[in-house]
Amino acid sequence: SDFPTVMSGEIGTSSIQDNTRILLQALNIKDFVVDGMIIEKTYTLTTGSSDYGPVYFLNSKGTISNTVVRNNNNPAWGNCINAFQSVINLQNCIIEENQGGTWGEEGSIFALTKSSLFLVNTVVAKNSSKHIFNQKNSIAEVLNSTFFKNQGTSKAYDTSLFTLKNSIYY
């Protein structure tokens, strides 16, 4: 689109330290749709379990499509996309140049707890975090997607399942 809808955490001064922490949050929402947005420039630098990052879902179900999540900086315990007891479909999205947490064990690009995440036709590129995927009792299914130049490992706890089909992961 010539005029995309941009949700930016950039507030106040040009320094990132005063940027907003969460831009898209769904709490107990069923069947939501987010289409054609840019979510960018959030910042978190605290060390606690409340550092959810720019996109956070709790007990929700929905679809995010044709959306870019980029340039979010959560260098402590933060995550880029965090889902707790939720079902999220990401279709035709770009997740790029985000920094998740590198302290402790929790920082991730995708943090899933008792959730299901379905990535279809999505590009995940140039992200840096302790983990790319951090799953606890969750399902992550990746189809026709490309992952490249990411820094971080992936971790699956308990009864988690990770499926990669017809995708490139390097």
Side-chain angles (χ1 to χ4, degrees), residues 1 4-9 20-42 44 48-72 74 77-101 105-125 127 129-147 150 152 154-167 169:
S1 153
T5 301
V6 177
M7 292 175 62
S8 177
T20 302
R21 186 171 61 109
I22 298 173
L23 287 176
L24 177 61
Q25 182 173 4
L27 305 175
N28 302 309
I29 308 266
K30 301 299 180 207
D31 300 320
F32 68 83
V33 174
V34 175
D35 188 21
M37 302 206 49
I38 296 173
I39 299 169
E40 65 182 8
K41 299 180 182 174
T42 62
T44 301
S49 61
S50 63
D51 292 340
Y52 300 130
V55 181
Y56 178 68
F57 304 104
L58 173 64
N59 194 33
S60 296
K61 179 181 177 185
T63 300
I64 300 174
S65 58
N66 306 307
T67 293
V68 176
V69 180
R70 66 181 181 202
N71 300 321
N72 296 288
N74 299 290
W77 292 71
N79 303 301
C80 184
I81 296 177
N82 193 334
F84 186 80
Q85 295 180 337
S86 296
V87 177
I88 309 300
N89 294 295
L90 266 73
Q91 301 173 355
N92 304 313
C93 292
I94 298 171
I95 312 297
E96 66 178 348
E97 298 184 6
N98 298 288
Q99 180 182 351
E105 290 298 314
E106 298 304 316
S108 310
I109 300 304
F110 300 99
L112 311 172
T113 304
K114 298 179 183 176
S115 295
S116 296
L117 175 68
F118 302 96
L119 269 73
V120 180
N121 300 323
T122 293
V123 174
V124 180
N127 298 287
S129 185
K130 179 89 173 183
H131 306 290
I132 301 304
F133 283 90
N134 191 358
Q135 297 175 244
K136 296 174 185 169
N137 295 307
S138 296
I139 295 170
E141 218 172 88
V142 179
L143 178 64
N144 298 330
S145 295
T146 301
F147 287 70
N150 295 293
S154 290
K155 190 185 247 185
Y157 294 93
D158 308 314
T159 58
S160 293
L161 177 65
F162 180 84
T163 306
L164 184 69
K165 296 179 184 177
N166 301 322
S167 296
Y169 202 100

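We use all heavy atoms of the structure for the numbers below, so side chains are in, but hydrogens, waters and symmetry mates are not. Each residue takes its place number in the sequence, starting with 1.
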| Please walk me through it: do N137 and T159 pass side chain to side chain donor-acceptor pair (under 3.5 Å)? | CA-CA 5 Å; N137 295 307; T159 58; 3.1 Å; yes
| task | Evaluate the criterion side chain to side chain contact (heavy atoms under 4.5 Å, CB included) for residue pair N59 and F84; output intermediate values, then yes/no. | result | CA-CA 6 Å; N59 194 33; F84 186 80; over 6 Å; no
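Here CG of N82 is found 11.5 Å from CD1 of I109. Values are rounded to the nearest 0.5 Å. How far CG of N134 is from OG of S129: 8.5 Å, rounded to the nearest 0.5 Å. Taking OG of S154 as the start and CD1 of I132 as the end, the distance is 6.0 Å to the nearest 0.5 Å. With rounding to the nearest 0.5 Å, the separation of OH in Y157 from CD in Q135 is 11.0 Å. A distance of 7.0 Å separates CG of N71 from CG of N98, quoted to the nearest 0.5 Å. Note that OG of S86 and OH of Y56 are 8.0 Å apart. Values are rounded to the nearest 0.5 Å.
Contact annotation: the side chain of S145 never approaches that of V124 to less than 4.5 Å [non-hydrogen atoms, C-beta and beyond]. Between Q99 and N127, the closest side-chain pair of non-hydrogen atoms is not below 4.5 Å. With contacts defined as side-chain heavy-atom distances shorter than 4.5 Å, the pair V55/I39 qualifies. Counting only heavy atoms from C-beta outward, the side chains of L119 and F110 approach each other to under 4.5 Å. In this structure, the side chains of I81 and L90 come closer than 4.5 Å at one or more pairs of heavy atoms.
A salt bridge does not link E97 with R70: every distance from a Lys NZ or Arg NE/NH1/NH2 to an Asp or Glu carboxylate oxygen is 4.0 Å or more.
The side chain to side chain contact (heavy atoms under 4.5 Å, CB included) check on V34 picks up L24, F32, M37, I64, T67, with sequence neighbours excluded.
The backbone N or O of T122 sits nowhere less than 3.5 Å from a side-chain atom of N92 that would complete a donor-acceptor pair. When atom types are taken as modelled, the side chain of T163 and the backbone of E141 share no donor-acceptor pair closer than 3.5 angstrom. The main-chain N or O of A83 is found under 3.5 Å from a side-chain atom of S115 such that the two form a donor-acceptor pair. With N144 contributing its side chain and V120 its backbone, the two residues share no donor-acceptor pair below 3.5 Å. The main-chain N or O of S160 is never found under 3.5 Å from a side-chain atom of S138 such that the two would form a donor-acceptor pair.
Under a cut-off of 6.0 angstrom, the local environment of NZ in K30 is crowded, with over 12 non-hydrogen atoms contributed by other residues, nucleotides or ligands.
The aromatic rings of F133 and F147 sit tilted, their planes meeting at an angle between 30° and 60°.
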